[in-house]
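See below for the structure under consideration.
A note on names: the letters A, B, ... follow the listed sequences, proteins ahead of strands, and every chain is numbered from 1. The figures here come from the full heavy-atom set of this structure, side chains too, leaving out hydrogens, waters and symmetry mates.
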Amino acid sequence: MSLPSDAPHSWWDRVVEHIRDDWPAVLFVPTLIFALHYHNWLNAIDGYAFLLIGNLSAIVELPDTTETKNARAVVVLIDADSQENRYYEHSPLPRCALLADLRTIYAANPNLLAIDLDLSPAVWLGKRLKDQCDKAESRLIDLPVGPPNAQDELRCQHQLYCLIQEKARNGTGTVVMAPFNAVNKVNAAEQNDWLAEMEKAHVQFRRAELPAEYGLVITQYTNNDTFANAVYGLYRGKQNKAESSAPTEQTTSLINPRVYASGVCPVPLIVPKPDSESEKRADTWCPLNDELNAKVPFLQRLNKALQPLKRRVVFFGAGYGHDDTFLTPLGELYGVEIQAAAFLSRILPVRKSELAALAGDVLLALLFSLLIAAFWGRYFRHRMSNHARQRQWAVLYVAFLSFWFILVVLLTCAVSLELLRRGGVWLSPAPIAIGMLIDAFALGSVHEAIRVSTEQKLELVGRLKASQAAGVFNEAANTELDQYRRHPSSWWDSVARFLVLDWYRLWERQRIAAAALILKRAVWLLCIAYAASLILFH
Amino acid sequence: MQFAPHLIAVALLGSSIASAGECTGSVELQNYLHAQAPSILVGCGSLMTIVDKLMHRARKSGRRLEDDQPLNTSEAQANLNTALRDAAIRRRIEQMRRAVSDENMRLAYEAAILDEEGYYNARDLRIMQLLDRLK
């Protein structure tokens, strides 16, 4: 076996040599992580990464493009004030108040209306009216003022259904959330009967479920029977047929966090009083819900919000309470707002690039493996050095590697952010970070330890051969043996060495190295003392 | 790349020491985002708010009962008239009136009969009349 060559290498030669030696190990981790990521096994960490990066991508404004101008929708919200004073906190929502609000919304001539409310016949009203719909009546009926009563509510419920049917027949694309299933058989039959009647008038009923993973909503279901998908189908001029009742695999896609800020325009029935008066920018297409707008009637505000829209898409739903709120990259938002964002994300999608992700992972793994080799190599060479001072400095190389690891993770986050903001491409930094973590502190360190110890063994053999040739083999062998720290003979010996003897003996030969050792032991003692104090005194 | 300093700041600050803006829904979010200089670290919808919400979320674990609605007397009277049109109920009430002479007791018994027959608004009307007499 030949000894290692001492021939000088340029840095590029060393890089090439490193890659040539290590490429199988370097490729293994990124491809393994890629496969785990592809099969959604890293969803938890990936979800949190998307939440944070998505938030930054949405908050920082970009100039409007044709694409972003098309991805706009108005969300009419039953706000907390309306729910309390006009809907009398009643559940199910009073039909007369709903009828009044829907009439106003239809007066703004929406092309598409998506209602994220359960409008199925209210059980407390008894059997629903099945009279013929009278066009004139649905427009002119006087609505009662005050708390809901069964008689008026039953009449309003009938007129509400007539109004929605009439508008859907006359071309307003209408999607209503599929009602919550009735438990009682009679109620369920009544509900099915009503659904069939409404569907005859081209009203579509779709599931309004949102996939909440690890407490976050960052994706939407893309199956045909979903709410946002049906709205998108109507937007494109297609009627998506709901899938059969046979269970199908749920498919999902990311909701673009940018559309929460740039595409969703909330118009509450009553504008809430702002908490503080701050200076507003004038360059937003969506009318602000400030004190000035609070005095403007709802229809006027709705028309103003719809004015810049090519296709007048209106979502209508609940904007009160905490029953229908979800954590999104932009904070806690109401279900109907997320449905609007889900629809807009079909126009302005977030693309995933698996090939670019794998290429990025491999490239970074290659680059990072150089850092790992450099820092762990130096660490082990110093740790196993004959010089006491070098042994004490060795730990610094682990600290440097940790610093570089954090820096590279932050840089990959910054790259992900820029790709998402400007290109709408989601390249998750999570697999790269996990891969680097495994490489840096598990596989990479072991690999370097083996490499350095092999090098040192070969160097030792070289030194012993040379000493034999010089006739001083025994002296050389004893010197080498002196380098090894003998095992402590007892518990007391171990503790005494750790606390005092190690640095005391070193102090006589190498004061700087001894000081470094004292510092490390002091940090160790402080950690132990702090943990003990927490247990004893808290 | 310009966000790297922000990300480092976030990593260093940690969530517990930053003040998070409390808000729900896009109305407050839009008002915040359209303010002159929205910060990525504090305020409604900011990164710190999200991190804070990820770590601690408090939800009320009870359901509020609906407020009592005042009795609609005309509706209750209509409900009573409907009940009295039922011959069986009318017969029960007349029987009771023959057996009981005290007017207060009659109202109480009548409320009980209407309750048994499922005419709740009419029952509430009789109870309201009884309470008025007892004032």
*Measure A:Tyr214 against the heavy atoms of chain B and call it side chain, backbone, both or neither at under 4.5 Å.*
neither

*Heavy-atom pairs under 4.5 Å with chain B, option from A:Pro266, A:Cys286, A:Gly331 with the top count*: A:Pro266

*asked:* Which atoms of B:Leu29 are under 4.5 Å from chain A, going by heavy atoms: the side chain, the backbone, both sets, or neither?
replied: side chain

*Side chain, backbone, both or neither: which part of A:Ile338 has a non-hydrogen atom closer than 4.5 Å to chain B?*
neither

_Heavy-atom closest pair, residues B:Ser26 and A:Leu77_ = OG-CD1, 4.4 Å

*asked:* Quick one, B:Leu33 with A:Ile59, criterion side-chain contact (heavy atoms from CB on, under 4.5 Å). Give me CA distance, side-chain angles, the key distance, then yes/no.
replied: CA-CA 7 Å; B:Leu33 291 178; A:Ile59 284 185; 3.9 Å; yes

*Hey, is CD1 on B:Ile93 packed in by over 12 heavy atoms from elsewhere, all under 6.0 Å?*
yes

*When rounded to the nearest 0.5 angstrom, what distance separates CD in B:Gln30 from CG in A:Leu330?*
8.5 Å

_Would you compute the distance between atom CG of A:Asn149 and atom CD of B:Glu75 and round it to the nearest 0.5 angstrom?_
4.5 Å

*Which pair of heavy atoms, one from B:Gly25 and one from A:Leu333, lies closest together, and at what distance?*
C-CD2, 3.5 Å

*How many angstroms lie between CD1 in B:Ile50 and CG in A:Leu52, if you round to the nearest 0.5 Å?*
8.5 Å

*Checking A:Asn55 side chain against B:Gly45 main chain: does a donor-acceptor pair fall under 3.5 Å?*
yes

*Does CZ in A:Phe326 sit with more than 12 non-hydrogen atoms of other residues, nucleotides or ligands closer than 6.0 Å?*
yes

